[in-house]
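Below is the structure I would like to discuss, written out as structure tokens.
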Amino acid sequence: MRVGRLLVPVVLTGSMLLPVPAAARQPPPAERGGACVAAGIAPGAEVPDPRPGEAFANPVVADLQRAASEVQRELGELAGRIDTAQRRADDAAARLERARADRAAAESALSAQQVEVDAFSRSVFRAMGRADEFRLLVTSVNAGELLDGTSMLGRLRETQDRRLLGALERQRSAAESERSAAAAERAATDCVTELERRSGDATNRADAVSAELRDPIAAANDAVVAQQRAQRDRNEGTAEGWRAYLGRLAAAGVEPPSAAALRDPASLPAGLRALPGEDGRPQAGVAQVGVDGQRLLVLPRETIDAVSAAVDALGRPYVPREGGEGPAAYSCDGLVRSVFTGAGLDLPAGVAKQFATGRPVASADAQPGDLVFAGPERYGVQSVGIVLDDATMLVADARLAGVVVADRPAGDSLLRVVRPSLGTREAGPVPRRAEGRLAWRCGGIELPLGQEGAEDEAAGAWGGYPNGLIPGAALCQLGVDSHVLRCDAAQAFQAMSRAYAGTFGSELCLTDSYRTFPAQVDLYRRKPALAAVPGTSSHGWGLAVDLCGGADSFGTPQYDWLVANAREFGWVNPEWARQGGGREEPWHWEFVGTR
């Protein structure tokens with residue numbers, strides 16, 4: 001590596017950063033009769049993965065995402081139209097039922113009115129014989145009586161006619177409404193049937209897409225396996241180079257001094273000399289020593305401990321967002337904070353704060369253990385890595401879903417280099433993402449946590465791989481069969497399961513976790529009205545589980561325990577899955593973190 005104008009015999013090199021292999025296929029999810037077994041986007045909603053192609057770890061993977069997105073959009077649109085049409089059909093059926101009830105009531109009223117008229121007529125006949133004008137004429141005592149009788153009969157007839165005609169009109173109107181409602185119900189049902197037929201055709205296309213993806217996925221997997229091997233070799237070469245450097249220090253009898261002892265290049269510990277920078281002036285925070293006629297870089301003890309811890313983390317999975325401080329998985333800023341704070345150099349959480357409070361050094365003077373921040377500025381501060389040498393850094397990378405050795409940023413992607421061993425400073429300005437730009441974090445696109453008002457649902461897209469095509473190296477085992485999840489979700493689930501076992505004597509029973517894209521297609525083909533659109537399931541992001549053993553039913557002690565305690569571990573039964581929520585899946589739980 002470069003030290004001033006000298007070469008130190010510690011060279012950490014490797015090939016380009018490469019992705020990791022695809023996950024082993026999970027078996028199809030357990031059947032639950034007619035119940036819905038998959039969670040994903042709401043019918044008709046936009047497919048929630050607007051990441052551009054460059055956000056993916058591999059161009060082939062980006063092409064797979066585009067192919068899958070086409071069928072996702074079609075299925076999502078049809079699912080929405082079917083949902084709307086079914087609601088209209090249900091409304092039409094309800095109107096038909098009401099119309100039938102109205103018609104039956106009208107017929108009943110008409111029949112009752114006819115009975116009343118018949119009864120009245122019989123009573124009149126029994127009382128006075130035939131009630132007509134002739135009888136009134138021959139029986140009337142005077143003209144007034146005759147007129148009164150005729151008027152009464154007329155009024156009776158008018159009343160009877162009005163009541164009969166009203167009942168008849170009501171019956172006719174109700175019958176017409178019933179015919180109209182029946183026609184509307186048939187049309188709505190036909191619409192649902194036609195849309196379901198089209199959805200079936202689209203599902204067949206999804207099957208075809210899934211089949212077409214098999215060879216590209218297999219080829220991509222083969223390439224990814226080879227690339228991962230190259231990445232592993234690069235990581236191992238870096239680790240060996242670092243150990244060789246530590247061995248040279250030990251062989252030279254150099255005891256790395258504290259960070260405080262190296263901050264003033266004018267008063268270094270005995271035997272150490274200042275290390276000149278690119279401008280010829282001595283650098284603070286580092287030194288050099290002569291060994292066998294060569295000059296060896298001397299770093300602070302805390303920096304050496306931090307880099308050593310970071311090297312030990314190589315190959316660990318990546319997890320998104322702030323936090324990710326290990327030990328099972330890391331984010332870029334989480335890794336930096338974890339190893340340096342653990343070594344005694346406190347750093348704040350969050351890449352922006354680390355940038356704002358770090359003491360800058362010239363990029364040409366960067367030494368192992370310095371922090372390098374990546375942009376470009378229009379995206380804000382989006383990543384931080386640990387400098388290893390002139391060309392490489394160690395970073396938890398979102399697109400490559402792991403802690404890896406990567407090329408250092410250059411050009412407008414290089415924002416700043418800071419030296420943690422110099423301590424922190426008062427926070428300075430931080431580049432902010434330009435309005436309308438996608439948010440990048442740790443080398444990958446960071447999408448919103450969830451739809452507005454959906455805080456109790458899994459976040460969705462993360463890292464550099466599509467839903468259901470996440471490599472196994474990016475996921476963590478749960479210790480139950482072959483079940484895996486995103487690593488922060490896996491850690492939280494295992495902690496929750498241990499707490500659950502403290503109450504019930506056994507850990508959580510699990511039927512489903514990460515679900516591959518082909519498995520989602522298969523499930524949607526078999527249960528299109530119930531399953532999520534392929535490529536949108538929260539299972540496909542490694543952020544959902546389906547439970548059993550009592551936790552899969554409302555009102556059980558196991559379910560009630562989860563309701564009371566799961567949120568503490570970042571897990572929720574989403575609102576739509578709760579009792580009365582619309583789909584009612586007590587077994588389905590999603591990881592939302594502790595946000």
Side-chain angles (χ1 to χ4, degrees), residues 256-268 274-287 299-307 309-310 321-325 330-387 393-396 408-410 412-435 437 439-443 446 595:
S258 69
L262 294 182
R263 283 175 185 161
D264 183 359
S267 58
L268 296 174
L275 179 69
E278 188 73 12
D279 60 2
R281 291 183 296 179
Q283 296 188 52
V286 293
L299 299 170
R301 179 182 64 252
E302 295 90 338
T303 299
I304 287 176
D305 289 345
V307 176
R321 305 196 180 278
E322 292 188 5
E325 296 183 16
Y330 296 89
S331 63
C332 58
D333 44 3
L335 172 68
V336 165
R337 183 168 194 259
S338 175
V339 298
F340 277 96
T341 299
L345 297 173
D346 289 341
L347 293 181
V351 65
K353 290 182 179 178
Q354 291 169 1
F355 179 95
T357 60
R359 293 191 176 275
V361 298
S363 60
D365 292 340
Q367 303 297 335
D370 289 345
L371 302 183
V372 58
F373 292 87
E377 191 167 319
R378 62 183 178 276
Y379 293 127
V381 184
Q382 60 101 349
S383 188
V384 58
I386 301 171
V387 172
M393 65 178 178
L394 191 152
V395 64
R408 279 171 47 179
D412 67 352
S413 293
L414 174 61
L415 295 181
R416 177 175 293 172
V417 176
V418 307
R419 185 161 293 164
S421 63
L422 299 181
T424 58
R425 60 175 182 143
E426 184 177 346
V430 178
R432 299 295 179 186
R433 175 169 54 94
E435 185 176 354
R437 296 282 185 180
W440 286 75
R441 174 174 167 74
C442 298
E446 181 178 71
R595 62 176 187 261

Do you know which of Pro360, Ser363, Pro431 makes side chain to side chain contact (heavy atoms under 4.5 Å, CB included) with Arg416?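 Exactly one candidate clears the test, Pro360.
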Does the side chain of Thr303 reach to within under 4.5 Å of the side chain of Leu345, using non-hydrogen atoms?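 Answer yes - side chains close enough.
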Start with the C-alpha gap between Gln354 and Val418, add the side-chain angles, then the distance that decides, and say whether side-chain contact (heavy atoms from CB on, under 4.5 Å) holds. CA-CA 9 Å; Gln354 291 169 1; Val418 307; over 6 Å; no
Check the pair Leu394, Leu335 against side-chain contact (heavy atoms from CB on, under 4.5 Å), reporting the backbone distance first and the verdict last. CA-CA 10 Å; Leu394 191 152; Leu335 172 68; 3.6 Å; yes
Sub-3.5 Å donor-acceptor pair from the side chain of Gln367 to the main-chain atoms of Val286, do we have one?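 No; zero donor-acceptor contacts below 3.5 Å.
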Might you point out which heavy atoms bring Ala343 and Asp305 nearest each other, and give the distance in Å?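 Minimum heavy-atom contact is CB-CB, 3.8 Å.
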Do any pairs count as a ring-ring contact (aromatic ring centres under 6.0 Å, His included) and have a residue in residues 341-362, sequence neighbours left out, and if so which ones?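 Of all non-adjacent pairs touching residues 341-362, those that pass ring-ring contact (aromatic ring centres under 6.0 Å, His included) are Phe355-Phe373.
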Do Asp412 and Arg378 meet the salt-bridge criterion of a basic N to acidic O distance under 4.0 Å?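 Judged by the 4.0 Å cut-off on N to carboxylate O distance, Arg378 and Asp412 do form a salt bridge.
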Non-hydrogen atoms of Val372 and Leu414 that approach each other most closely: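 Val372 and Leu414 have their closest heavy atoms at CG2-CD1, 3.3 Å.
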Step by step, would you call Ser258 with Glu302 a side-chain contact (heavy atoms from CB on, under 4.5 Å)? CA-CA 7 Å; Ser258 69; Glu302 295 90 338; 3.9 Å; yes
Distance from Leu262 atom CG to Arg301 atom CZ, nearest 0.5 Å?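 Leu262 CG to Arg301 CZ: 10.0 Å, rounded to 0.5 Å.
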CZ on Arg425 to OG1 on Thr357, rounded to 0.5 Å: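 The distance works out to 7.5 Å.
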Are side-chain heavy atoms of Leu299 and Val307 found at a separation under 4.5 Å?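 A side-chain contact is absent here, since even the closest heavy-atom pair is not under 4.5 Å.
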Can you tell me how far apart CG (Leu371) and CZ (Arg419) are? Round to the nearest 0.5 Å.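 Leu371 atom CG to Arg419 atom CZ measures 10.5 Å (nearest 0.5 Å).
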Contact summary for Arg433 and Arg437, nearest pair of heavy atoms: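 Between these two residues, the closest heavy atoms are NH1-O, 2.5 Å.
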Minimal non-hydrogen separation, Asp333 against Gly350, with atom names: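 Heavy atoms only, the tightest pair is OD2-CA, 3.4 Å.
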Any idea which heavy atoms bring Ala287 and Leu268 closest together, and the distance?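 For Ala287 versus Leu268, the nearest heavy atoms are CB-CD1, 4.1 Å.
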What is the minimum heavy-atom distance between Gln382 and Cys332, and which atoms define it?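 Answer, listing the atom of Gln382 first, then Cys332: O-SG, 4.5 Å.
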If you apply the rule side-chain contact (heavy atoms from CB on, under 4.5 Å), what do you find for Arg408 with Val387, and how did you get there? CA-CA 8 Å; Arg408 279 171 47 179; Val387 172; 3.8 Å; yes
Given side chains that start at C-beta, do those of Pro282 and Pro276 come closer than 4.5 Å, heavy atoms only?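 Not touching, per the 4.5 Å side-chain cut-off.
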To the nearest 0.5 Å, tell me how far Arg281 CZ sits from Asp365 CG.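 It comes to 9.5 Å.
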